[in-house]
Amino acid sequence: MEFPKQLKDQVYKLLQEPTLDKFREFLHAQTGEHNAIDFKSQWIENAALAKEILALANSQGGFIVFGVSENEDKSIRIDGLPEIKDKAVVSNGIKNFISSNLKYEIYDFSYNTSEYEALNDKKFQMLVVEDVP
């Protein structure tokens with residue numbers, strides 16, 4: 001499945017300026033998972049996470065959004081995370097599984113209030129895997 005241009009544009013805008021508004025726009029534009037995007041309702045076990053990261057790295061990069069899941073009809077469900085996971089804990093948990101040359105970044109998004117009821121008091125994290133040959 002090709003990564004739709006509209007989605008590429010949304011991701012580009014979000015990564016250029018990872019703000020709450022841009023993340024909200026990104027979620028609003030979602031049409032389900034694609035080759036370079038994965039949704040997880042919660043953080044997953046370290047070995048499984050490393051496997052996901054390696055798969056994204058081997059297919060020109062991508063990202064995983066935590067706190068969001070995909071329904072059977074390909075729509076998304078906005079669950080939110082119970083708490084923002086410490087980035088150092090994530091890095092330490094996967095460092096034995098992946099190369100130190102692999103580049104990734106974790107972004108945090110917390111909505112105390114939002115004009116969109118579905119985002120009120122919800123937290124999300126997004127792990128972005130760079131395309132580094």
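For the single chain, residues carry numbers from 1 onward in sequence order. Fair warning: this is a prediction, and the values are worked out from it, not measured in the lab.
When all heavy atoms of S91 and Y104 are compared, the pair lying nearest together is OG-OH, 2.9 Å. Shortest non-hydrogen contact noted between I98 and A50 is CG2-CB, 4.0 Å. Residues S59 and A55 share a closest heavy-atom pair of OG-O, 3.0 Å. A pairwise comparison of heavy atoms in F66 and Q42 identifies CD2-O, 3.4 Å as the closest pair. When all heavy atoms are compared, the tightest approach of S110 to K123 is OG-CG, 3.6 Å. G67 approaches F124 most closely through the heavy-atom pair O-CE2, 3.4 Å.
Once rounded to the nearest 0.5 Å, the distance linking NZ of K95 with CG of N46 reads 11.0 Å. In this structure, CG on N112 lies 6.5 Å from CG on D121, to the nearest 0.5 angstrom.
L81 has its side chain within reach of W43: a pair of non-hydrogen atoms, C-beta onward, lies under 4.5 Å apart. The closest side-chain heavy-atom distance from V68 to V65 is below 4.5 Å. With contacts defined as side-chain heavy-atom distances shorter than 4.5 Å, the pair L49/V90 qualifies. Between M126 and I106, the closest side-chain pair of non-hydrogen atoms is not below 4.5 Å. Residues E52 and I64 form a side-chain contact, since some pair of their non-hydrogen atoms from C-beta on lies under 4.5 Å apart. Residues Y107 and V128 are in side-chain contact: their nearest non-hydrogen atoms beyond the backbone lie under 4.5 Å apart.
Proximity of a side-chain donor or acceptor of Q125 to a complementary backbone N or O of K85 within less than 3.5 Å is detected. Formation of a donor-acceptor pair under 3.5 Å by the K122 side chain with backbone atoms of I78 is found in this model.
I84 and F109 fall into different hydrophobic clusters, where Ile, Leu, Val, Met, Phe, Trp and Tyr residues are linked whenever their side-chain heavy atoms come under 4.5 Å apart, directly or through other members. The cluster map of Ile, Leu, Val, Met, Phe, Trp and Tyr, joined by side-chain heavy atoms under 4.5 Å apart, puts L102 and V89 in different clusters.
By the side-chain hydrogen bond (donor to acceptor under 3.5 Å, both in side chains) test, S41 is found to be paired with no residue, residues two or more places apart in sequence or in another chain being considered. With sequence neighbours excluded, the residues that form a salt bridge (charged side-chain N to carboxylate O under 4.0 Å, His left out) with K87 are D108.
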